Asks: 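One structure follows; several queries about it will come next.
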Protein chains: 2
Amino acid sequence: MSPRAGKRGGLLELAVLGLLHEAPMHGYELRKRLSGVLGTFHAISYGSLYPCLKDLAGRGWLIEDEATAAAAPALAGKRGRIVYRLTAEGKEHFQALVGEAGPDAWEDDRFGVRLAFFGRTEASVRLRILEGRRSRLEERLDAVRSSLARTRERLDSYTLELQQHGLESVEREVRWLDELIASEREHPSTSPSSRRGDR
Amino acid sequence: MSPRAGKRGGLLELAVLGLLHEAPMHGYELRKRLSGVLGTFHAISYGSLYPCLKDLAGRGWLIEDEATAAAAPALAGKRGRIVYRLTAEGKEHFQALVGEAGPDAWEDDRFGVRLAFFGRTEASVRLRILEGRRSRLEERLDAVRSSLARTRERLDSYTLELQQHGLESVEREVRWLDELIASEREHPSTSPSSRRGDR
DNA sequence: GTTAGCATGTAAGGAGTTACATGATTTT
DNA sequence: AAAATCATGTAACTCCTTACATGCTAAC
């Protein structure tokens, strides 16, 4: 077996493809923008990013454009910055990834990234993602509530406080999702812009 | 160099020591209880747990009690369940870990586990943990707010919605922490039981 | 007496990180 | 010309997961 193309199934792949879907970029800039989609804290390291880019290129999802900023041909051997650009297959693959339904697709990180790219996602897929996340959260609520009902007496007040806060956070997110879903149903092909401002 | 004792610096160590601080347990039961401290979802796998226990035992923080439930001496070679019990050094090490101040100590998971063990944590350390977490969250708020101020116009409404929701969640946690801290200052050696119920 | 659940482990792999190494470009 | 920061990369390591292997004990 040819050892090329090590499996690369993570968050990073999705985030990188999504960002490059918007516009070509070189790695250094990509890293800065990644913080924006993955949460403002949580920066990705170059030690992950560059190998990931190599891998994606190896699979034909993006191509490496050796462009030294201006078109000056200068010295041939110079290691200029590499601008990564999504191929047609890359765009297809991104859409496939975003649309994926597996149970881990609704975990915190995955969902967050998917939402961040809603601007480049079909309306029907957007709705499916929002509803998938919602039902995942309902599962959590059930689990926490029943565990709380079973063990409430045995818990010290700190643990109780923690569980209670967690519960309320999840409930809050469910309400938020409900608003997004409602807004999505009202004007399916538009952004939910009208909703902002009523807080 | 003797290759024994691979570094074991994670969440798991802290959680295991904390649970065994309460009472001796065997691995299987430990795993079930771990979900309680790490969040009701997110179960730990045996593939992590047992090696971790081996490692902790190797460092002298806990000892493996080969007890086959009842005291029946039965057959000598039987692989019974192994009950893990914290040593004195283990308890010391747990207190040291909980009290640690490093910047990653205030990340979501770490903070959650520390809070879950507040019942076995000194009042002064509790306060330091709550305040550490609080200032970590303030840093995040600053980062998100300024990034939002810089890029607000360029963001599509979905991304904006996401950032806004995240921001509000963090603000909510800060208010929660403020209540906990206030309650901690009022009766420093007691649990914050009186606060529950005013929602 | 066989399925189901209790109980303990190991080997391989996945998704990242840190620390290091190197060189180009811009600012002071 | 020194310092900062832009830019790309690699090797080793961390912490965890999956998939597998094994055997005990209780319930049907």
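None of the values given here were measured: they were computed from a predicted structure. Reminder, nothing fancy here: chain letters follow the sequence lines and each chain counts from 1. Side chains included, hydrogens not; waters and symmetry mates left out as well; all remaining heavy atoms used.
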Asks: Between the protein and nucleotides 17-21 of chain C, list the N/O to N/O atom pairs that are separated by less than 3.5 angstrom.
Replies:
from   : atom 1 : to    : atom 2 : distance (Å)
C:dT17 : OP2    : A:S45 : N      : 3.3
C:dT17 : OP2    : A:S45 : OG     : 2.8
C:dT17 : OP2    : A:S48 : OG     : 2.5

Asks: May I ask you to decide whether A:R81 forms a salt bridge with A:E29, counting only side-chain N to carboxylate O separations under 4.0 Å?
Replies: no
Asks: Which of these nucleotides, D:dT8, C:dT8, D:dT10, is closest to any side-chain atom of A:I82?
Replies: D:dT8
Asks: Parallel under 30°, tilted from 30 to 60°, perpendicular over 60°: which one fits the rings of A:W176 and A:F111?
Replies: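 Because their plane-to-plane angle is over 60°, the rings of A:W176 and A:F111 count as perpendicular.
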Asks: Just to verify, what does A:R128 make a side chain to side chain donor-acceptor pair (under 3.5 Å) with, not counting sequence neighbours?
Replies: none
Asks: Round to a whole Å and report the spacing from NE2 of A:H26 to P of D:dT5.
Replies: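 Those two atoms, NE2 and P, are 16 Å apart.
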Asks: Among D:dG9, C:dT8, D:dC6, which nucleotide sits nearest the side chain of B:Y28?
Replies: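 Of all the options, the side chain of B:Y28 is nearest to C:dT8.
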Asks: Tell me: CG of B:L14 to C1' of D:dC16, nearest whole Å?
Replies: 16 Å
Asks: Which residues satisfy the ring pair (Phe, Tyr, Trp, His ring centres under 6.0 Å) test with A:Y28, sequence neighbours excluded?
Replies: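 By the ring pair (Phe, Tyr, Trp, His ring centres under 6.0 Å) rule, A:Y28 matches A:Y46.
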Asks: Over how many whole Å does the gap from B:M25 atom CE to C:dT8 atom C1' extend?
Replies: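 Rounding to the nearest Å, CE of B:M25 and C1' of C:dT8 are 17 Å apart.
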Asks: Rounded to the nearest angstrom, tell me the gap between atom CG in A:D104 and atom P in C:dG16.
Replies: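 That distance rounds to 13 Å.
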Asks: Between D:dC16 atom P and B:L53 atom CG, what is the distance in whole Å?
Replies: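 Between P of D:dC16 and CG of B:L53: 13 Å.
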Asks: May I have the distance from A:E29 (atom CD) to C:dA24 (atom C1'), rounded to whole angstrom?
Replies: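 To the nearest whole Å, that distance equals 17 Å.
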Asks: Taking all non-hydrogen atoms of both residues into account, name the closest pair between B:L53 and B:Y84 and its distance.
Replies: CD1-CE1, 3.6 Å
Asks: Could you tell me how far apart A:L34 (CG) and C:dA15 (P) are, to the nearest whole angstrom?
Replies: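 Answer to the nearest Å: 16 Å.
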Asks: Just how far, in rounded Å, is C1' of C:dG9 from CG of B:L30?
Replies: 15 Å
Asks: Does a salt bridge link A:R136 with A:E139, judged by any charged N lying under 4.0 Å from a carboxylate O?
Replies: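 A salt bridge is present here (some side-chain N lies under 4.0 Å from a carboxylate O).
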